[in-house]
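Have a look at the structure below before the remarks.
Computed from a predicted structure; not experimentally measured.
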Amino acid sequence: MSTLQFWKPGTSGPGSSLDRATETEENVVPSAPSSGAISIQSARERLPIFKHREKLLYCMEKYGVVILVGQTGSGKTTQLPQYLYEAGWAADGNIIACTQPRRVSATSVANRVATEVGTILGEEVGYTIRFEDVSDKQKTRILYLTDGMLFRETLVDPLLSRYSVIMIDEAHERSIYTDLILGLLKKIRRKRPSLRIIVSSATLDATGFRDYFCAGNSPDEATIVSLEGRMYPVEVAYLQEPTADYVRKAAETVWSIHMQQSAGDILVFLTGREEIERCLQELSEYLPTLPRNAPRLKVLALHAGLTTDEQLAVFEPADRGTRKVIISTNIAEASVTIEGIKFVVDSGFVKIRTYNPTSALSSLATVPVSLASATQRAGRAGRTSAGICYRLYPESALRSMPATTPPEITRTDLTTPILQLKSLGVDDLMKFEWVTGPPAEAVLRALENLVAAGMVGEDGRLTVVGEKVAECPVEVNIARMLFASKEYKCGEEMLTIAAMTAVQDVFVIPDGAAGALAELERRKFTAEEGDHLTLLNAYNAFARYGRAASWCKAHALSFRAMSRAVSIRAQLKKYMQRFGLPLESCQGDARRLRECLVSGYWRNGARWVADGTYRSVRGNVTLHVHPNSVLFTRKPRSGWVVFHEMEETKKTQIRILTEIEPDWLLKYGHSFRDKHTGVAVS
DNA sequence: TGCCATCAT
């Protein structure tokens, strides 16, 4: 049995005071839910933000933008909108908005605030997320919404005129919508200075946000207010030497904690499903050596690919005398909070997607986490009591870690965001005041995509189709197919395919024997033309058999994903009706459907080669079919396919393929070339 | 032959 080979700052070694200052996470003791108005009031007054109330209200009068540095549990998200409401910021029909990067946060916070205010959810306090608007046009004064929804609202109301205050919460996460909305808010404030902005962020990013809002404005434009939280200290321990295998080391560390430390659950951060399963395997090999009288160990996996039930299992408290261990991806860093964690084991790595605009290729790579992430992960050990974080790397590695993760806007395909910015009248993208500017190459590539797709003309302005597509919540190439479906008379089917390609993880294929059975189930939907038609078959079967969860389970489909596809389809259907696109059925004529697919995917063509791989039409890159594809083991008769997306992991893979005839590619390829000679398309 | 970090409209 190995012992813990960790060095703990504070017990020995240099540099501990600095480490403690930056890495102690502050957290609040959750207050018990109360029913009576008086106890709610006193609970509100116990929150750390309460004693900053007057100062905050003063700053809201004086400054245009308040950067709020608030620790977890300081009460900023729930309390500040209420203070503003009580101080009259929602008078005269004005609304106080608070954005969240995630749907669940928007709904759960709105719920709690409605209780505190003493109103029915959806009246004075409401929320708006995609597919769910629990707010009232007249009554709602405090509105929680996803940042994506607020961004979308600017397409209809460019000055966001119904709001007096907009709070952008969790801004340090730097989701693409957070960045886009911040850029727009800076612009809006120049035209409508009465609008107040609150940017809530972690310490590391605060001055950056202030400098951003002050640039080109008066120095009084923005100020920083810091709130402390109620904290439990988290001690941080490092490995003395780097490890070659952090998965094995993680299992070893969990086991050592279990043998040596008192009660308390353990949360392990790894990068993906494969690692999690290997770690589970390694741990299972220790289990037989567990002494008879020792506490038991309950080990659970946590990642987004699990079913809802499997995910819920991590929240169940372990039996008495049993320690719970959760082996998780980054989902537990910010999206999922598990109470009762006392020990965190951090691999120090994360999988991150980056987009290469030159090759139009996204890659998913395992990279070291940022200091901000490492701090956030450590903090997960201190939510209910003091805790310890074991980092599976030496302390010296901190020096080479980036301070923060690069914002999403620097790492993604900007085709859709730029279409939307154009629709908002932001025509000169180089002059747009980005919080962090995306690479120029990414902007150029996005513009080129939009021109090629007929959304933007050679003059750089939106075309008639571009104006319509900007409103429509789908990718540009999918929108093109929906428009082309009129010509091919297959609107009904394209609508379903558009919805099904927009959801991920439709088929649930577990590991081992259960996975083999699931594969057999999936084959029942298989269309020989490829994955798009297979998805269509699955959707139609789901609709035919009553959209039931039990039916999904029996057929290896994700009920969550299928239900989401139903919502998306219904939403897109409204857009098609608005755009006058007919909802005709192709009546089983798969050829028409496949041709229609090419109208959107014409740049995603690939040719089969003898070794079973494909070569991309653009760039002649070697492509591997994703094992989930129905064409994984089969050569298409024509030897040609189009695909929905490609991504570089260990290999470059293509997902969701359909067999096509090569001359269909030429048809759309020619129209692209025509555009360069000045002939208008679509 | 062998599999997607997370989130969002």
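- Formation of a donor-acceptor pair under 3.5 Å by the A:Gln376 side chain with backbone atoms of A:Glu333 is found in this model.
- Side-chain N/O atoms of A:Arg103 include one lying less than 4.0 angstrom from OP1 or OP2 on B:dT9.
- Closest of all the heavy-atom pairs between A:Phe525 and A:Asn537 is O-ND2, 3.0 Å.
- For the pair A:Ser175 and B:dA8, the criterion of a side-chain N or O lying under 4.0 Å from OP1 or OP2 is not met.
- Not a single donor-acceptor pair under 3.5 Å links the side chain of A:Thr140 to the backbone N or O of A:Lys137.
- Taking 4.0 angstrom as the limit, A:Thr633 places none of its side-chain polar atoms (N or O) nearer than this to OP1 or OP2 of B:dT1.
- If A:Ile568 and A:Gly272 are placed on DNA chain B by their nearest nucleotide, the residue sitting closer to the 5' end is A:Gly272.
- Distance, A:Leu482 CG to B:dT9 P: 19 Å, rounded to whole Å.
- Between A:Tyr393 and A:Phe349, the distance separating the two ring centers is not shorter than 6.0 angstrom.
- Closest to the side chain of A:Arg130, from the set B:dC3, B:dC7, B:dT9, is B:dT9.
- Within 4.0 Å (heavy atoms only), A:Arg174 reaches no atom of the nucleic acid at all.
- Distances were taken from every side-chain heavy atom of A:Arg102 (C-beta onward) to each of B:dA5, B:dA8, B:dT6; the shortest belongs to B:dA8.
- For B:dT9, the OP1/OP2 oxygens have no side-chain nitrogen or oxygen of A:Gln420 closer than 4.0 Å.
- With hydrogens and angles disregarded, a donor-acceptor distance shorter than 3.5 Å links the side chain of A:Arg411 to the backbone of A:Pro406.
- The nucleotide whose nearest atom lies closest to any side-chain atom of A:Ser335 is, among B:dT9, B:dA8, B:dT6, B:dT6.
- Taking only side-chain atoms of A:Pro627, from C-beta outward, the nucleotide of B:dG2, B:dT6, B:dT9 with the closest atom is B:dG2.
- If you check B:dC7, B:dC3, B:dT9 against the side chain of A:Asn628, the one that comes closest is B:dC3.
- Checking B:dT6, B:dG2, B:dA8 against the side-chain heavy atoms of A:Glu519 singles out B:dG2 as nearest.
- Using a 4.0 Å heavy-atom distance criterion, A:Gly612 is classed as making no nucleic acid contact.
- Comparing B:dA8, B:dT1, B:dC3 by their nearest atom to the side chain of A:His626 picks out B:dC3.
- Where A:Arg655 and A:Arg634 meet DNA chain B, the nucleotide closest to each residue was compared, and A:Arg634 sits on the side nearer the 5' end.
- With rounding to whole Å, A:Lys650 atom NZ is found 14 Å from B:dA5 atom C1'.
- For the pair A:Phe151 and B:dT9, the ring geometry does not qualify as stacking, because the centroid separation below 5.5 Å and plane angle under 30° are not jointly satisfied.
- Here the nucleotide nearest the side chain of A:Glu647, chosen from B:dG2, B:dC4, B:dT9, is B:dC4.
- Distance from the side chain of A:Gln504 is smallest for B:dC7 among the nucleotides B:dT9, B:dC3, B:dC7.
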What's the verdict on salt bridge (charged side-chain N to carboxylate O under 4.0 Å, His left out) for A:Glu471 and A:Arg578, showing C-alpha distance, side-chain angles and the deciding distance? CA-CA 11 Å; A:Glu471 287 175 54; A:Arg578 181 133 64 85; 2.8 Å; yes

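- Distances were taken from every side-chain heavy atom of A:Lys351 (C-beta onward) to each of B:dT9, B:dA5, B:dT1; the shortest belongs to B:dA5.
- As rounded to whole Å, 12 Å separates atom P of B:dC3 from atom CD of A:Glu277.
- Here A:Ile352 lies out of heavy-atom contact (under 4.0 Å) with every strand.
- If you check every strand for non-hydrogen atoms under 4.0 Å, A:His624 touches nothing.
- Computed from coordinates, the A:Arg564 CZ to B:dC7 P distance equals 11 Å when rounded to whole Å.
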